[in-house]
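Notes to accompany the following structure.
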Amino acid sequence: MPATTDAHRAVALNTIIESAILLKNEDDTLPLTTSGLKIALIGRYCNQTEDKALKQGSVYLGGGSGFVMTTRSISPLQGVQDFIMDAEISFSADASAAEGADVAVFCAAAHSEEGWDRKNLSLPEAADLVVKLRALPGGAALKVVILASVSGAVTTEWLQGADAALFLFEPGEQVGPAIARLLTGAASPSGRLPVSLPEVDE
C-alpha cells in the first residue's frame, strides 16, 4: 500500500482549506476575480517550502518529533501558477514585483518546533514588507493580501496595512493548491482562531 496516494493528498488539501482562517477581508478583496489581473507573489516563502536556517522541519510543516519529511510539497507560487490561468503571475522575494501589479500576495511564515522556541511573537518581515509595498508607485491603490503560515499566536501590527489576510496553521505539503483555491473562491476558508492575537508588547 503506497504511503501517499491521490486520496491522501485530497484529504491534506481539504484539511488546509477547512482550517484556514480569514482574518481580514476589507472591501471584499477576496475572492479575487482573476481575469486580466496582474498578481505579484511577494516574499521568499512564496517560492520555497524548505529553509536551511531551520534546525528541523520545513516552512509549511513545522518541526519536532512529529515532523514527517516529504518531497511532494507544492509552493504557493507553483500552486497559483498551476491553477490561475487567466491572470499575469509574477514573483519576487522583495517588494519589486508588485510595482504595476493589481494585487500583491505576500507569503509570511513564523516557524517554531519542539526544542526551539520563538524569540518573540512577530511575523517575520511582514510589517516591513507591507510598508514597502505601500511605498511603491501606485502602492496606495494596490490590493495587499497576507498569507500567514504560523505555529501559534503572532502580533498583528502588519494587519492594518493589508486589505485581506489568511491564517494557516502549519498547513502542510498541499499549501500551494490550497492557497490558489482560497484566493480565487474555488474554496472558502472555514477555520476559527484557536488563540488570541496580541498587540505588540502586550
Side-chain angles (χ1 to χ4, degrees), residues 16-17 20-49 51 59-60 74-111 120-150 154-168 171 175-189 191 193 197 199-200:
I16 299 170
I17 290 167
I21 298 156
L22 184 61
L23 192 63
K24 181 178 182 179
N25 195 24
E26 195 169 286
D27 298 327
D28 295 325
T29 296
L30 296 178
L32 299 176
T33 302
T34 58
S35 180
L37 279 187
K38 294 181 179 180
I39 303 172
L41 271 73
I42 302 298
R44 56 185 173 139
Y45 291 137
C46 284
N47 194 35
Q48 69 182 77
T49 59
D51 188 341
V59 176
Y60 295 108
I74 302 171
S75 71
L77 177 60
Q78 188 63 58
V80 167
Q81 288 175 328
D82 290 344
F83 191 76
I84 300 176
M85 300 298 178
D86 58 356
E88 180 182 326
I89 309 298
S90 60
F91 162 77
S92 64
D94 60 11
S96 60
E99 187 169 349
D102 302 299
V103 180
V105 179
F106 170 47
C107 302
H111 181 84
N120 54 59
L121 295 182
S122 67
L123 185 60
E125 303 178 354
D128 288 343
L129 259 176
V130 169
V131 169
K132 290 176 181 177
L133 288 169
R134 292 301 185 199
L136 291 171
L142 179 69
K143 292 295 185 181
V144 176
V145 180
I146 309 293
L147 302 175
S149 175
V150 299
V154 294
T155 56
T156 55
E157 65 276 11
W158 45 270
L159 190 59
Q160 184 175 356
D163 296 287
L166 282 164
F167 253 35
L168 308 172
V175 62
I179 283 173
R181 286 158 176 78
L182 290 166
L183 289 174
T184 59
S188 297
L193 274 176
L197 302 179
E199 298 292 335
V200 176

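The analysis underlying the following values was restricted to heavy atoms, covering all of them including side chains, and did not include hydrogens, waters or symmetry mates. Computed from a predicted structure; not experimentally measured.
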*How far does CG of L147 sit from SG of C107, to the nearest 0.5 angstrom?*
5.0 Å
List the atom pairs, donor and acceptor, that lie under 3.5 Å between side-chain atoms in residues 95-103 and the rest of the protein, sequence neighbours left out.
{"unit_1": "S96", "atom_1": "OG", "unit_2": "D94", "atom_2": "OD1", "d": "2.6"}
{"unit_1": "D102", "atom_1": "OD2", "unit_2": "K38", "atom_2": "N", "d": "2.8"}

*asked:* Does anything in residues 122-132 form a salt bridge (charged side-chain N to carboxylate O under 4.0 Å, His left out)? List the pairs, not counting sequence neighbours.
replied: R44-E125
*Measure the spacing between CD1 of I42 and CD1 of I146 and express it to the nearest 0.5 Å.*
10.0 Å
*I17 side, atom CD1; L168 side, atom CG - distance, nearest 0.5 Å*: 10.5 Å
*Nearest atoms (heavy-atom pairs only) where L182 meets P189*: CD2-N, 3.5 Å
*Pairing residues for T49 by the side-chain hydrogen bond (donor to acceptor under 3.5 Å, both in side chains) criterion, not counting sequence neighbours*: none
_Residues that A126 engages under side chain to side chain contact (heavy atoms under 4.5 Å, CB included), provided they are two or more places apart_ = F106, L123, W158
_Restricting to salt bridge (Lys or Arg N to Asp or Glu O under 4.0 Å), what partner residues turn up for K143, sequence neighbours left out?_
none
_Holding to side-chain hydrogen bond (donor to acceptor under 3.5 Å, both in side chains), I want the full list of residues that pass it with D86, two or more places apart in sequence or in another chain._
T34
*Return the set of residues passing salt bridge (Lys or Arg N to Asp or Glu O under 4.0 Å) with R181 (not counting sequence neighbours), or none when no residue passes.*
none
*asked:* Looking at every non-hydrogen atom in both residues, tell me the closest pair between G79 and A180 and how far apart they are.
replied: O-CB, 3.5 Å
*L159 side chain reached by V130 side chain, heavy atoms, under 4.5 Å*: no
*Can you tell if the side chain of L23 reaches within under 4.5 Å of the side chain of L197, non-hydrogen atoms only?*
yes
*Going by heavy atoms in the side chains, are R134 and V144 under 4.5 Å from each other?*
yes
_Just verifying a value: how many Å separate D163 CG and K24 NZ, rounded to the nearest 0.5 Å?_
6.5 Å
*Given side chains that start at C-beta, do those of C46 and F91 come closer than 4.5 Å, heavy atoms only?*
yes
*Among all residues two or more places apart in sequence or in another chain, which pass the side chain to side chain contact (heavy atoms under 4.5 Å, CB included) test with L121?*
R118, T155, P198
*Among all residues two or more places apart in sequence or in another chain, which pass the side-chain hydrogen bond (donor to acceptor under 3.5 Å, both in side chains) test with S122?*
N120
*Please name all residues satisfying salt bridge (Lys or Arg N to Asp or Glu O under 4.0 Å) with E157, sequence neighbours left out, ordered by chain then number.*
none
*Between A178 and I16, what is the shortest heavy-atom contact and its length?*
CB-CG2, 3.5 Å
*Looking at residues at least two apart in the chain, or sitting in another chain, which of them share a side-chain hydrogen bond (donor to acceptor under 3.5 Å, both in side chains) with E88?*
none
*What distance do L142 atom CG and L136 atom CG have between them, rounded to the nearest 0.5 Å?*
7.0 Å
*Applying side chain to side chain contact (heavy atoms under 4.5 Å, CB included), name anything that partners L30, two or more places apart in sequence or on another chain.*
L22, N25, L32, V145, A164, L166, L183
_So, taking the atom named CG in L41 and the one named OG in S92, what distance separates them when rounded to the nearest 0.5 Å?_
9.5 Å
